[in-house]
Amino acid sequence: MKNIPQITDAEWMIMKVLWNASPLGSGDVVNELKGTTDWKPKTIKTLLSRLVTKNAVAYDVGSRGYSYYPLVSENECAKEEARSFLGRVYNGSLKLFVKNFIENKELSAEEIAELKKLLEDK
């Protein structure tokens with residue numbers, strides 16, 4: 001199995017930009033995050049550098065500078081995040097997580113039907 005890095009909330013924002021369109025230069029990432037964050041360009045470059053160190057992102061050097069692209073998919077990261085969350089918060093118990101979720105969220109009939117279908121298909 002591929003080693004999926006632990007990604008912070010701030011790094012997730014960078015990754016979402018890169019998953020949406022890549023390769024991108026750091027200036028492109030800065031532009032994409034304008035209006036969503038108040039981060040300075042230096043902050044974004046630091047986050048990109050951390051993601052490179054974690055092997056979540058790589059870059060190519062071209063005539064216009066660095067072009068960043070993801071090394072891991074959004075789906076892979078989401079699965080790892082879910083596994084990590086389940087382990088940390090619910091001691092690995094999916095049953096406890098689902099029970100807590102159902103008890104604390106009002107579900108529509110459609111959502112209940114979807115959950116039943118997922119369980120039946122499994």
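Every heavy atom of this structure was used, including side-chain atoms; hydrogens, water molecules and symmetry mates were not.
T46 is linked by a side-chain hydrogen bond (donor to acceptor under 3.5 Å, both in side chains) to nothing, counting only residues two or more places apart in sequence or in another chain. In this structure, D38 has no side-chain hydrogen bond (donor to acceptor under 3.5 Å, both in side chains) partners at least two apart in sequence or on a different chain.
Here CG of N3 is found 11.0 Å from CD of E76. Values are rounded to the nearest 0.5 Å. Note: L118 CG to E120 CD = 9.5 Å, rounded to the nearest 0.5 Å. Annotation: the span from L107 atom CG to L115 atom CG amounts to 6.5 Å, rounded to 0.5 Å. Within the model, atoms OG1 of T36 and NZ of K16 stand 11.0 Å from one another, a figure rounded to the nearest 0.5 Å.
Panel note: side chain T53, backbone S49; a donor-acceptor pair is recorded below 3.5 Å. Panel note: side chain K45, backbone S26; no donor-acceptor pair is recorded below 3.5 Å. Although no hydrogens or angles enter the test, the distance criterion places no donor-acceptor pair under 3.5 Å between the side chain of E103 and the main chain of N100. At least one donor-acceptor pair closer than 3.5 Å links the side chain of E11 to the backbone N or O of T8. In terms of modelled atom types and a separation under 3.5 Å, the side chain of E80 and the main chain of C77 share no donor-acceptor contact.
The shortest distance between side-chain heavy atoms of L48 and L18 falls below 4.5 Å. Between Y69 and W19, every side-chain heavy-atom pair lies at or beyond the 4.5 Å cut-off. Taking the side chain as every heavy atom from C-beta outward, K79 and I4 never approach each other to under 4.5 Å. Looking at P5 and N55, their side chains never come closer than 4.5 Å, going by heavy atoms from C-beta outward. Looking at heavy atoms from C-beta onward, W39 lies in side-chain contact with I14 at the 4.5 angstrom threshold. At least one side-chain heavy atom of W12 sits less than 4.5 Å from a side-chain heavy atom of E81. At least one side-chain heavy atom of Y68 sits less than 4.5 Å from a side-chain heavy atom of V57.
For D9, the CG atom counts as loosely surrounded, since its 6.0 Å shell holds 12 or fewer non-hydrogen atoms of other residues, nucleotides or ligands. Within a 6.0 Å sphere centred on CZ of R64, heavy atoms belonging to other residues, nucleotides or ligands number 12 at most. The number of heavy-atom neighbours closer than 6.0 Å to CG of N104, taken from other residues, nucleotides and ligands shown, is above 12. More than 12 non-hydrogen atoms from other residues, nucleotides or ligands lie less than 6.0 angstrom from OH of Y90.
Both F97 and I112 belong to a single network of hydrophobic side chains, linked directly or stepwise wherever heavy atoms of I, L, V, M, F, W or Y lie under 4.5 Å apart. Side-chain heavy atoms closer than 4.5 Å link hydrophobic residues (I, L, V, M, F, W, Y) into clusters, and following such links, possibly through other members, connects L96 to F85. No continuous path of hydrophobic side-chain contacts links L119 to V98 [ILVMFWY only; heavy atoms under 4.5 Å].
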Can you give each donor-acceptor pair under 3.5 Å made by side-chain atoms of residues 27-35, sequence neighbours left out, with the distance rounded to 0.1 Å?
{"residue": "D28", "atom": "OD2", "partner": "G25", "partner atom": "N", "Å": "3.1"}
{"residue": "N31", "atom": "OD1", "partner": "K34", "partner atom": "NZ", "Å": "3.3"}
{"residue": "N31", "atom": "ND2", "partner": "G27", "partner atom": "O", "Å": "3.4"}

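Taking all atoms of both residues into account, the shortest heavy-atom contact from L86 to S93 is CD1-O, 3.6 Å.
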